[in-house]
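Since the structure comes first, as structure tokens, the remarks are kept for the end.
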Amino acid sequence: MTNDSALATLPNLRDLGGYRAADGAAVRRGLLYRADALARVDDGDFAALSRLGLRQVLDLRTAHERTAEPDRVPDGAEYAVLDVQGNHSTGGDLERLLTDPRAAAEALGGGGAAAFMLEVNRVLVTEPDANAAYSELVRRAATGPTAAVFHCTAGKDRTGWGAALLLTLLGVDRETVFEDYLASNPRMDRLRRAMRRQAERNGVDGDLLEPIIQVREEYLAEAFAEVERAYGTFDAYVSKGLKLAPDLVSTLRERMLEG
């Protein structure tokens, strides 16, 4: 099950609520949303977004992305930067790969694109910038004003791991976590096709881009595998990697679960 919160100019917006946890409780709706960037939302969709009563906009993007496409922030919402990638090389400029055929072939050819995405997902689990940002995401979800929305650019990778983290903390089963993650693909199909067209106009082979403009089950699986490699268990990742206290996790569950 995935929700139907998407807007035409904010297609990956969705409520994290509605899923069932292992103990039979449900994740409350209307408290926490995931999305793609709020920069391109049109006036009509911005009005609909504003009606969600957002009190926090949590931006996981890099400084370059934030400068190039600043968010439209609804009145009354606090805007906070939770830069997941910082200066890590996986946060590089995708624009160059869309415009430079030689750079795209060198970086993405021969399985390079899929390998890059696997590395992205490992970095999201182990890099200090990522751990600090995801720790703050959980803290704000648990104790900050609601409703809140967290997002990156496409709302699929950095946001995807954030959603997987939160849903797992709430006791949602792994199969459902993957369903939520993979739901980005149909929602972002229009953007995917637009990126292919842009690349092909510049002489870049659009097929090279496919692994980085979609989500795949193996990408999220790699993130969970990295949790086990680096920390041993998911609980150890939460306590040692994210440095989150059990009381905070309990607060998150008390707020986000019902029934």
Side-chain angles (χ1 to χ4, degrees), residues 1-18 32-52 54 57-62 64-74 84-85 90-101 104 107-108 113-114 116-117 120-121 149-164 177-220:
M1 181 203 73
T2 56
N3 69 68
D4 57 359
S5 299
L7 303 172
T9 57
L10 197 60
N12 218 359
L13 171 69
R14 39 200 161 113
D15 195 328
L16 215 61
L32 194 57
Y33 297 86
R34 55 174 294 178
D36 43 315
L38 311 188
R40 296 179 295 274
V41 61
D42 67 17
D43 290 344
D45 286 347
F46 185 71
L49 180 70
S50 298
R51 288 194 292 272
L52 296 178
L54 295 175
V57 173
L58 309 176
D59 192 341
L60 310 184
R61 298 178 298 164
T62 63
H64 172 79
E65 292 169 298
R66 299 191 306 270
T67 300
E69 292 192 305
D71 274 348
R72 295 187 69 179
V73 179
V84 166
Q85 290 178 305
T90 58
D93 186 8
L94 178 61
E95 189 67 24
R96 180 165 174 258
L97 299 180
L98 295 175
T99 58
D100 186 334
L108 306 178
F116 171 79
M117 293 307 301
V120 165
N121 281 274
V149 61
F150 62 100
H151 75 86
C152 52
T153 293
K156 65 183 185 69
D157 300 309
R158 291 164 289 186
T159 299
W161 179 244
V177 169
F178 272 81
E179 288 176 4
D180 179 79
Y181 176 79
L182 293 170
S184 288
N185 281 332
R187 289 168 175 270
M188 300 306 292
D189 187 59
R190 186 170 66 176
L191 176 62
R192 182 185 64 81
R193 288 184 277 112
M195 291 177 69
R196 278 192 67 117
R197 287 194 299 269
Q198 178 186 346
E200 289 166 353
R201 283 195 300 268
N202 291 305
V204 174
D205 182 354
D207 288 342
L208 290 175
L209 296 173
E210 282 298 321
I212 64 174
I213 56 179
Q214 59 183 243
V215 290
R216 295 179 176 178
E217 185 173 342
E218 57 263 35
Y219 298 164
L220 184 58

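This chain uses plain numbering: 1 for the first residue, then up along the sequence. Every heavy atom of this structure was used, including side-chain atoms; hydrogens, water molecules and symmetry mates were not.
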Would you give the length of the straight line joining atom OG1 of Thr153 to atom CG of Asp59, rounded to the nearest 0.5 angstrom? 8.0 Å
Can you name the residues that form a side chain to side chain contact (heavy atoms under 4.5 Å, CB included) with Ala39, not counting sequence neighbours? Glu69
Testing the basics here: between Ile212 and Lys156, what is the closest heavy-atom pair and its distance to 0.1 Å? O-NZ, 3.0 Å
Check whether any side-chain heavy atom of Pro211 lies under 4.5 Å from a side-chain heavy atom of Tyr219, and answer yes or no. yes
Salt bridge (charged side-chain N to carboxylate O under 4.0 Å, His left out) with Arg34: of Asp15, Asp157, Asp180, only one passes, and it is Asp180
Note: Leu54 and Val149 closest approach over all heavy atoms is CD1-CG1, 3.8 Å
Distance (rounded to the nearest 0.5 Å) between Tyr33 OH and His151 NE2: 15.5 Å
Do Asp36 and Arg187 touch side chain to side chain, with heavy atoms closer than 4.5 Å? no
Determine whether Arg158 and Thr62 make a side-chain contact, defined as any pair of heavy atoms from C-beta on separated by less than 4.5 Å. yes
Do Leu191 and Asn12 come within less than 4.5 Å of each other through their side chains, counting heavy atoms only? no
Residue pair Asp71 / Ala37: nearest heavy atoms and the distance that separates them: OD1-C, 4.1 Å
Is there a salt bridge (Lys or Arg N to Asp or Glu O under 4.0 Å) between Arg72 and Asp42 once you walk through the steps? CA-CA 9 Å; Arg72 295 187 69 179; Asp42 67 17; over 6 Å; no
Please examine the side chains of Arg196 and Arg193, heavy atoms only from C-beta on, and report whether any two atoms are closer than 4.5 Å. no
So, do Met188 and Gln214 sit near enough that their side-chain heavy atoms are less than 4.5 Å apart? no
Side chains of Arg14 and Ser184: is there a donor and an acceptor less than 3.5 Å apart? yes
Do the non-hydrogen side-chain atoms of Thr9 and Phe46 ever get within less than 4.5 Å of each other? no
Step through the shown structure and confirm whether more than 12 heavy atoms of other residues, nucleotides or ligands are within 6.0 Å of CZ on Arg40. yes
If you measure from CD on Glu65 to CG on Leu60, what distance do you get to the nearest 0.5 Å? 10.0 Å
Taking every heavy atom of Cys152 against every heavy atom of Thr159, the minimum-distance pair comes out as N-OG1, 2.9 Å
Decide side-chain contact (heavy atoms from CB on, under 4.5 Å) for Val177 and Leu220; before the verdict, give the C-alpha distance in whole Å, the side-chain angles of both, and the deciding distance to 0.1 Å. CA-CA 9 Å; Val177 169; Leu220 184 58; 4.2 Å; yes
Does a side-chain heavy-atom distance below 4.5 Å link Leu108 with Val204? no
